[in-house]
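Structure, as structure tokens:
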Amino acid sequence: MEKLRTVRGVHDLLPNDLHNHNKVINAGLDISDKYNYCQIEIPIFEFAEVFTKPLGTSSDIVTKENYIFKDRSEDELMLRPEGTSGVVRAFLNAGLVQDVPQRFSYYGPMFRYERPQKGRLRQFKQFGIECLGLSSSMADIEVISLGNDFLCRLGLLNKINLKINSLGDFESRNNYREALVNYLNDYQSNLSTDSLNRLAINPLRILDSKNEVDQKIVKNAPNILDYLNYKSKARFDDICKGLDHLNINYTIDKNLVRGLDYYCHTAFEFTTNELGSQGTVLAGGRYDGLSKMLGGPDVPGVGWAAGIERLALIAQSKFVNKTDVVLIGQSENINYLLLPIMKKLVQKGIKTEIIYNGNLSKKFKRANKIKALYAIILGEEEISKKVIKLKDLKIGSEEFLDLNHAIEIIKINKDLE
RNA sequence: GCGGGUGUAGCUCAGUUGGUUAGAGCGCGGGUUUGUGGUACCUGAGGUCGCCGGUUCGAAGCCGGUCACUCGCCCCA
């Protein structure tokens, strides 16, 4: 190794970035808790089939973007490329089928071997929620509402649009697929090579092609919403009504499809145009077939996942680590007397740093640099008087005080900041 | 995986048609200040010019390769 570095598409998180990520995560955990979703944590790697079975053999996630490997006992394992499959697997393993509905939230790293770009890494984090065991359209509305509140809490609603669509049930989807293929077959010579491939494997995906010629062709293609059977159509109408009722803005996008095989009925995406081609910031849908694909009973589910890096990029704020108090000794041999003072301050919930090095001038420079509110100074004079000197670093005033009195002052004023 | 752009100090960036010792601002260290910070002034450290090879008397600048980032495609959060 000629130089130490991280592997491609895998980044360090320094305090400033991590702070932004944690803001996103905490907003997600907090709002989902209020919706009565409970946090769970599942493994970062699983037996490969946990992902290969439900995601489908046509998805790039499984075919070329996976981190798959054999461990020492020759088990085929895969770093998780997404969260939903693992959550449902955990739900089945725990026997919670007996106890539905279950509402879960989770966050953590995911892995996809993709070409990195801004907002698209090989190790990236998602925050997601899953609602299992409810087939009612109410659950779809609830889940979208939760996503909307989450983004609202991050102050992003004005930067983001919600698009929804329905893929219908199995019957509707099959009918539509047939009609679409029929239509597209007439344009085979004009379609892009990518789309030509998709025509055989997953024709619905041609609908969201960005190729201009493809888009022109797709413009006059049959509309999926016209192919929903009565049940599916009524279900989609209910969801739109529910969103209207909540005053959630959305646009129906008949070309919105999901890449993964397990989706049915509702599909939705919150997108931004501030991140170039990585515009999707939170996306999900209903996946009633997933549980069965994993070998479990038929359990309906609906949920979404959000890209933490992407959200952090557009919700960015400057991280400022403020210190409540610095402790300054007049000379080195006084430093040890500062330790019990620090202990006491920490016990009172006050953020403290002892500045060990340099003369007084340097110590104050350091205090200034770390944006301390107060300095507690201890020297010969203070020791003989059995007090400390409290300095307000904002206005520069100083006074001799009993330590307990100083703590009271600090506690009151630090929270005003 | 395909196509384009970029890579010079910790950060943001200059660096002319290839020419001596590669610069600036910010940041960082020391000092003006032996019980006192922010401002100001003085001063110092910090570079394999991403890496490897080639062309040349001579390369940060040209050529080839490679790595990383970035933009678009693909895909997706």
Side-chain angles (χ1 to χ4, degrees), chain A residues 1-3 5-11 14 16 24 28 55 58-66 81-84 107-128 147 151 192-195 197-198 202 205-206 208-212 214 257-260 268-272 275-285 303-314 326 328-331 334 355 357-375 377-382 389 391-398:
Chain A
M1 196 185 302
E2 72 286 358
K3 207 175 199 177
R5 56 179 177 82
T6 60
V7 316
R8 176 131 118 128
V10 177
H11 292 335
L14 267 29
N16 194 18
V24 172
L55 293 178
S58 69
S59 78
D60 283 10
I61 289 183
V62 164
T63 54
K64 56 183 206 199
E65 294 175 358
N66 59 28
E82 57 106 38
T84 305
Y107 73 91
M110 307 294 165
F111 305 85
R112 291 182 196 175
Y113 188 89
E114 294 185 280
R115 179 115 166 208
Q117 278 177 234
K118 186 191 233 163
R120 188 223 266 179
L121 299 170
R122 289 185 173 180
Q123 177 177 332
F124 63 103
K125 290 191 289 192
Q126 287 188 339
F127 178 88
L151 298 172
S192 66
T193 46
D194 281 326
S195 288
N197 288 331
R198 288 183 286 216
N202 195 347
R205 300 281 304 288
I206 297 174
D208 62 1
S209 168
K210 283 175 195 163
N211 180 288
E212 277 185 34
D214 287 355
V257 290
R258 310 267 66 222
L260 309 179
F268 58 90
E269 261 181 38
F270 289 85
T271 59
T272 178
L275 289 176
S277 57
Q278 274 67 248
T280 302
V281 114
L282 185 156
W304 50 253
I308 291 172
E309 286 82 359
R310 290 182 186 180
L311 287 173
L313 279 172
I314 53 175
V326 294
I328 292 176
Q330 185 189 341
S331 57
I334 287 176
I355 300 176
N357 295 322
N359 55 28
L360 276 181
S361 170
K362 274 210 234 164
K363 287 174 177 171
F364 275 96
K365 273 185 178 155
R366 165 80 188 164
N368 203 52
K369 187 176 142 190
I370 64 175
K371 299 179 178 64
L373 293 175
Y374 288 96
I377 301 138
L378 195 64
E380 304 298 342
E381 190 184 354
E382 287 82 5
K389 187 189 271 178
K391 176 164 184 163
D392 182 328
L393 291 168
K394 271 237 166 95
I395 53 177
S397 64
E398 300 180 344

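Chain letters run A, B, ... following the sequence lines, proteins first and then strands; every chain starts at 1. These figures come from a predicted structure and were not determined experimentally.
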Contact string for nucleotides 6-13 of chain B, one letter per nucleotide 5' to 3', B = base within protein heavy-atom range under 4.0 Å, S = sugar-phosphate only, - = neither, reads --------
Flag the pair A/Glu82 / A/Arg112 as yes when at least one side-chain heavy-atom distance between them is below 4.5 Å, and no otherwise.
yes
For A/Gly284, report the nucleic acid contact type (base, sugar-phosphate, nothing); a contact means any heavy atom under 4.0 Å.
nothing
Identity of whatever pairs with B/G64 - Watson-Crick or G-U, under 3.5 angstrom:
B/C52
Do A/Arg310 and A/Leu282 make a side-chain contact, defined as non-hydrogen atoms from C-beta onward lying under 4.5 Å apart?
no
For B/C26, the Watson-Crick or wobble counterpart (both distances under 3.5 Å):
B/G10
So which heavy atom on A/Tyr113 is nearest to which on A/Asn66, and how close?
CB-O, 4.2 Å
Tell me which of A/Lys394 and A/Ala283 sits closer to the 5' end of RNA chain B, going by the nucleotide each one is nearest to.
A/Lys394
Distance in angstrom units between A/Glu380 CD and B/U34 P, rounded
18 Å
Is there a donor and acceptor pair closer than 3.5 Å between the side chain of A/Glu65 and the base of B/G1?
no
Could you tell me how far B/G29 sits from B/A45 if I compare only their C1' atoms? Round to whole Å.
7 Å
Whole-Å P distance, B/G53 and B/A14
28 Å
Across all strands shown, which nucleotide pairs with B/G35 by Watson-Crick or G-U wobble geometry, both distances under 3.5 Å?
none
Taking B/G30 as the reference, what is the distance to B/U20 when you measure between their P atoms (whole Å, please)?
35 Å
Out of B/G35, B/A77, B/U32, whichever nucleotide has its closest atom nearest the side chain of A/Lys365
B/U32
Which protein N or O atoms sit under 3.5 Å from an N or O of nucleotides 69-73 of chain B?
residue: B/C69; atom: OP1; partner: A/Gly9; partner atom: N; Å: 2.9
residue: B/C71; atom: OP2; partner: A/Lys118; partner atom: N; Å: 2.9
residue: B/G72; atom: OP1; partner: A/Ser277; partner atom: N; Å: 3.2
residue: B/G72; atom: OP2; partner: A/Gln117; partner atom: NE2; Å: 3.4
residue: B/G72; atom: OP2; partner: A/Ser277; partner atom: OG; Å: 3.2
residue: B/C73; atom: OP2; partner: A/Ser277; partner atom: OG; Å: 3.4

Flag side-chain contact, heavy atom, 4.5 Å: A/Asp392 against A/Tyr374
yes
Without swapping roles, check the side chain of A/Arg122 against the backbone of A/Val10 for a donor-acceptor pair under 3.5 Å.
no
Pairwise side-chain contact, A/Asn202 with A/Val257, heavy-atom cut-off 4.5 Å (strictly under)
no
Touch class at under 4.0 angstrom, heavy-atom based, for A/Phe127 against every strand present:
nothing
When you compare the side chain of A/Asp194 with that of A/Asn211, does any pair of heavy atoms fall below 4.5 Å?
no
Just label B/G44 as syn or anti from its O4'-C1'-N9-C4 or O4'-C1'-N1-C2 angle, using within 90° of 0 for syn.
anti
C1' atoms of B/C76 and B/G18, separation to the nearest Å
46 Å
In whole angstrom, give me the gap between the P atoms of B/G58 and B/C2.
36 Å
Rounded distance in Å between the P positions of B/C13 and B/C52
25 Å
Rounded to whole angstrom units, what separation is found between the CZ atom of A/Arg205 and the C1' atom of B/C76?
9 Å
Is the base of B/U36 touched by the side chain of A/Lys389 through a donor-acceptor pair closer than 3.5 angstrom?
yes
Within this structure, what is the CZ-to-P distance between A/Phe124 and B/C75, rounded to whole angstrom?
16 Å
Check whether any side-chain nitrogen or oxygen of A/Ser361 sits under 4.0 Å from OP1 or OP2 of B/U33, and answer yes or no.
no
Sugar-phosphate, base or nothing in reach of A/Ile377, heavy atoms under 4.0 Å
base
Watson-Crick or G-U wobble mate for B/C73, both contacts under 3.5 Å
B/G1
As an exercise, state the distance from CG of A/Asn357 to CZ of A/Arg366, rounded to the nearest 0.5 Å.
10.0 Å
Between OH of A/Tyr113 and C1' of B/A77 the distance, given in whole Å, is 20 Å
Closest to the A/Glu114 side chain, choosing from B/A77, B/G35, B/G30:
B/A77
Looking for any heavy atom pair under 4.0 Å, which part of the strands does A/Glu382 touch: base, sugar-phosphate only, or nothing?
base
To the nearest angstrom, how far is A/Leu360 atom CG from B/G38 atom P?
13 Å
Could you tell me how far apart A/Asn368 (CG) and B/G37 (C1') are, to the nearest whole angstrom?
5 Å
How far does the C1' atom of B/G15 sit from the matching atom of B/C71, given to the nearest Å?
26 Å
Minimal heavy-atom distance between A/Gly396 and A/Lys391, with the atoms involved, is O-CE, 3.9 Å
What's the gap between B/U56 and B/G61 when it is taken at their C1' atoms, as a whole Å value?
14 Å
Do the non-hydrogen side-chain atoms of A/Gln330 and A/Ile377 ever get within less than 4.5 Å of each other?
no
Using the six-membered ring wherever Trp is involved, compare the ring planes of A/Phe127 and A/Tyr107 and label them parallel, tilted or perpendicular (cut-offs 30° and 60°).
parallel
Considering heavy-atom distances to RNA chain B, does A/Lys391 or A/Lys362 have its closest nucleotide positioned more toward the 5' end?
A/Lys362
Taken to the nearest whole Å, CD/A/Glu269 to P/B/A77 is 8 Å
A/Arg366 CZ - B/G38 C1' separation (whole Å):
15 Å
State which of B/A77, B/G35, B/G37 makes the closest approach to the side chain of A/Leu393.
B/G37
Closest non-hydrogen atom pair between A/Gln126 and A/Gly83, with its separation
OE1-N, 4.1 Å
